[in-house]
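Heads up, the thing below is written out as structure tokens.
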Amino acid sequence: MSEISKAYEPEAVENRWYAEWLSAGCFKAVADPKRQPYAIMIPPPNVTGRLHMGHVLDNTLQDIFVRRARQEGKAVLWQPGTDHAGIATQTKVEKQLLESTGQSKHDLGREAFLEKVWDFKQASGGVILQQLQKLGASCDWDRASFTLDEDYSKAVLTAFVRFYQRGYIYRGKRMVNWCPATQTALSDEEVTMRAQNGILYKMRYELVEPDGERTHLEISTTRPETLMGDSAVAVHPEDARYQHLIGQTVWRPFPREEIPIIGDSYVDREFGTGCLKVTPAHDKNDFEIGQRHDLKLIEVIGADGYMNEQAGEEFAGVERFEARKRAAKKLETMGLLVAREAYENNVGYSERGHVPIEPRLSEQWFLKYPKVAAAKRAVESGAIRFYPDRWKKTYLHWLDGIQDWCISRQLWWGHRIPVWYKKGLARSELDFDNPKHVHVSIEGPNDPENWEQESDVLDTWASSYLWPMANLGWPHPNPEQQKELDFWYPTTTLVTGFDIIFFWVARMIMASLELYGEDQEVLSDAEIAKRLPFKNIFIHGLIRDEKGRKMSKSLGNSPDPLDLIQKFGADGLRFGICNIAPSGSDILFSEERIQIGRNFCNKLWNAVRFRQMSGPMSDNSDLASILQRLDRTLFDDPDHWILQRLCDLTQSLESGFQDYEIAPLTHRLYAFFWSDFCDWYVEASKAKLQASEALRDNCLAIQDLVIRQFLQLAHPVMPHITEELWQALGYAQPQTYIHQALLSPAQELIQSLRPDASAVERVAQLQTLITQGRALKAQYRLASKRDVVVYYTAEAPDQVTLEHNQALINRLAGFKSCTALDPKVASGMPATVTPLATLYLDLSSSLDLAAESARLTKDLAKLEQQVSIGEKKLGNEKFMKSAPEKVVAGARKQLAEARAKRDETKRLIESFQQNSASLKSES
RNA sequence: GGGGGCUUAGCUCAGUUGGUUAGAGCGCAUCCUUGACAUGGAUGAGGUCGCAGAUUCGAAUUCUGUAGCUCCCACCA
């Protein structure tokens, strides 16, 4: 703050301090057993990704938590890192390769292609971590880890092998979600259902043996292109209409073949005609029916989404949606198509490939989830807590119905599954229980030349589910890592969006419970508590645009956070995004809504600038020296009041952090600093600053104290500007930074400041009086005049208060003078009734008495209503009996005030009417 | 079909265990460039808290019913 600029310019300040923090090693995590541990593992962003608004929110929140923890003297670890993001990264590189050289990955071969991916990772990887630094994230960057790092990979393979050995992982031929675009299997979680406007085709399958009048069965389908794979028609076994046909056959139109009519209770009699075509190779439910009835599996769609030879010559090589049209057309020409009806149904889409998935039978690796019961128990018992609490239901509900997880991906970029097959044996001949056939280990077989490794890699989530423990050295920690594991594990808090509770959060919990520690079937609560990956889960909402739409590149509604940092400063952006983040629901983003952050920084900057201009700086080097500069005997009412407010703020932030109630955080900081401190206290100070030196110094000491505490409280949200001002005002000890100064707890602060409650009460009354005084002026277009003459009438004790605060009132309300006046003389002046006094505005010029009287009459009606409500309440015996004393006292006070105001207003109206009458008679 | 969540000022949202006259920011209107800040100051307009019942001395807050919106899970061709 060497040059005093009028507006805060964040860029230089932020870059300078961030660089200095880094070089001073401020974010280094040190496991210090004398301190309380605090650890957060960053949800690893995609290594080749770019920062988006979701990251900004997620990481700002984490940074707030860890910075606050440092101020509380805890030993903090914020572990950064990135995720290899299998499908996303691989497809990106494939696309680039195709565009630049026209080659596919198969042209290059596995090894050469992977080299390309590593090159890409090297080139673009880590950019996102640099972007996080721009945001001010205080991670221990030296620890940055990557899910494909050597050690991390070892952990991933160890997990696989242990799960395999314990019987949780198996290989099986199953119906899986197949993405024809990326040509890999996906887990159920990677498939999103989307409503589609499709067509329901009604068609007929001719009976081979006509049944009296009946010559055919009518069947509805949305997918006529699969009919070539039909191997039966199913009806409900108890359906009287068709029961007797079970066992007979119908003609599949093409390729023309007799297929059986079977009875299966899966069929819904109510739906359509109650007949279902069964395509076991291309539908999950049909597959199960096929299993039950030993039906033929006829695959007609290939892995690439194109029809194969089985579909018949006419269709082979045709893309699946084109084939749909052609199949319908063909049915039509054959006279078998009864109708096309518009139909809305849900279709599963590949999250990554953005195309409809194809249910497809294939050999895959599956994980039977371990420790499901313990994972539920952990959350039910409160060993792990969700904030907000309601997400625990979502979590528990998901665990109730989970099915085995398909963990293999037909990709190259990822952890290759550590399974080797003996060469020379056909896959179908393999006996997985025979170690001579199948080898499973981390290191691989001793005679690799005789083995062939599984070509699939693991789902990315089947590596990131070890994130907290693997980053700290699991499974084979060295002594240093062991110390850290003992200290920081389980980690304190996980901060993430609700969209990955299933993908990541739940899987981390289950994996940790199974793997962290010895193999154990059933876990005690104590054992659960030791194994958990984290104790608290803070769930925040997703960022959407101002219309509530998801942010996406194609919509162009996803702003670049770096542009926003440029515009508003990192601190401004952080403050702004927190300020609009409600607790746990979606966040509607717009630039307009985060301007508040930049404005607030500017306000803070200028308030401090004003402090520097107001008088000499004194010893600010620690709280004790500022306290020494205070002279309680010189305290006036606003002094007590602002100190009380400061204690209140400190207290409310304490409980906010305690309960993870961080949504109100920015509101509290903002209201305190802007309204209480700047609008009232600093304005009130201005008179004192020009009074005696003693008064001035005392006032400056209070300002220094308030600003100091405020900077500390605001620091987690706005780290850079608070550091800048902290140093500028001399709060820092040499070579130290703001986060190293311990935060004074509210209790301590209250004890050393002892704000006077009656003074606090008086200030509240004065504020009302001043506000009403200003309003009175505004009514007569005198708002900005500062030389208005005002009189007051008040009860004796209130009069004392008014006299004491004369200068304050005049300055804040813009009065030239405000003096006591005989009520009789005052009559005829416009007035306003406040709890402390009635104010009269001296208008030397003419005045619209009728208008004034009308205004007061409106007030009177309101007051009458208040009085009657109060009287009714206090006259109610039951209320007097059952309401707490505090509430009754409050009601009494309120009624008394309302009565007084009412009577005063009545009196004023009468005097106006008299005056107006006398004026009329004069004229 | 199952389970969440939401409905309060023009907009986005607060409103802690029921208890003084329901708040904030933005927007809007009027006034003000006074020696921290126009990224500012002052004042004001604007709400029967989705609807209907119930409990209570007292309900935005609790309960029941109901309407609308929204998200997640499952999914019938």
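No hydrogens, no waters, no symmetry mates; every other heavy atom, side chains included, goes into these values. Proteins get letters first, then strands, A, B, ... in listed order; numbering begins at 1 in each.
- The residue among A:Ser882 and A:Arg598 whose nearest nucleotide of RNA chain B is located toward the 5' end is A:Arg598.
- Taking the ring centroids of A:Phe710 and A:Phe677, they lie at or beyond the 6.0 Å cut-off.
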Filtered N/O pairs between nucleotides 72-77 of chain B and protein, under 3.5 Å:
{"unit_1": "B:C75", "atom_1": "N3", "unit_2": "A:Asn346", "atom_2": "ND2", "d": "3.1"}
{"unit_1": "B:C75", "atom_1": "N4", "unit_2": "A:Asn346", "atom_2": "ND2", "d": "3.4"}
{"unit_1": "B:C76", "atom_1": "OP1", "unit_2": "A:Asn285", "atom_2": "ND2", "d": "2.2"}
{"unit_1": "B:C76", "atom_1": "O2", "unit_2": "A:Asp268", "atom_2": "OD2", "d": "2.7"}
{"unit_1": "B:C76", "atom_1": "N3", "unit_2": "A:Asp268", "atom_2": "OD2", "d": "3.0"}
{"unit_1": "B:A77", "atom_1": "OP2", "unit_2": "A:Tyr343", "atom_2": "OH", "d": "2.7"}
{"unit_1": "B:A77", "atom_1": "O3'", "unit_2": "A:Thr222", "atom_2": "N", "d": "3.0"}
{"unit_1": "B:A77", "atom_1": "O3'", "unit_2": "A:Thr222", "atom_2": "OG1", "d": "3.0"}
{"unit_1": "B:A77", "atom_1": "O2'", "unit_2": "A:Ser220", "atom_2": "O", "d": "3.2"}
{"unit_1": "B:A77", "atom_1": "N6", "unit_2": "A:Asp268", "atom_2": "O", "d": "2.6"}
{"unit_1": "B:A77", "atom_1": "N6", "unit_2": "A:Phe271", "atom_2": "O", "d": "3.2"}
{"unit_1": "B:A77", "atom_1": "N1", "unit_2": "A:Asp268", "atom_2": "N", "d": "3.3"}

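- Remark: side-chain polar atoms of A:Ser675 are not paired, donor with acceptor, to backbone N or O of A:Phe672 under 3.5 angstrom.
- Between A:Ile580 and A:Glu683, it is A:Ile580 whose nearest contact on RNA chain B lies nearer the 5' terminus.
- In this entry the distance linking CZ of A:Arg609 with P of B:A36 reads 9 Å, nearest Å.
- The side chain of A:Gln595 contributes no N or O atom lying less than 4.0 Å from OP1 or OP2 of B:C26.
- On the C1' atoms, B:G65 is 39 Å away from B:C28, given to the nearest whole Å.
- Taking atom CZ on A:Phe386 and atom C1' on B:G4, their separation rounds to 13 Å, with Å as the unit.
- One finds a salt bridge joining A:Glu871 and A:Arg899 here, because a Lys/Arg side-chain nitrogen approaches an Asp/Glu carboxylate oxygen to under 4.0 Å.
- Comparing the same atom, P, in B:G1 and in B:U20 gives a spacing of 42 Å after rounding to whole Å.
- Not one N or O on the side chain of A:Asn579 forms a donor-acceptor pair closer than 3.5 Å with the backbone of A:Thr666.
- Here B:U21 presents its P atom at 14 Å from CD of A:Glu871, a figure rounded to the nearest Å.
- Atom CD in A:Glu877 sits about 17 Å away from atom P in B:U56, given to the nearest Å.
- In this structure, the CG atom of A:Asp679 is 16 Å from the P atom of B:U39, given to the nearest Å.
- Atom pair A:Glu592:CD and B:C28:C1' shows a separation of 13 Å (rounding to whole Å applied).
- OP1 or OP2 of B:G4 has not a single side-chain nitrogen or oxygen of A:Lys392 nearer than 4.0 Å.
- As rounded to the nearest Å, B:C32 and B:A24 have C1' atoms that lie 24 Å from one another.
- At B:C26, none of the side-chain N or O atoms of A:Arg593 fall inside 4.0 Å of OP1 or OP2 (strictly under the cut-off).
- For B:G25, the OP1/OP2 oxygens have no side-chain nitrogen or oxygen of A:Asn579 closer than 4.0 Å.
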(message) As a check on the pairing definition, encode RNA chain B in dot-bracket form, counting Watson-Crick and G-U wobble pairs whose two distances are under 3.5 Å, and using | for partners outside this strand.
(response) (((((((..((((.....[...)))).(((((.......))))).....(((((..]....))))))))))))....
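- Aromatic ring pairs are classed by plane angle as parallel below 30°, tilted from 30° to 60° and perpendicular above 60°; the pair A:Phe600 and A:Phe575 is tilted.
- Between the CD1 atom of A:Ile543 and the P atom of B:C13 there is a distance of 12 Å, given to the nearest Å.
- Between A:Trp391 and A:Phe386, the ring centre distance reaches or exceeds 6.0 Å.
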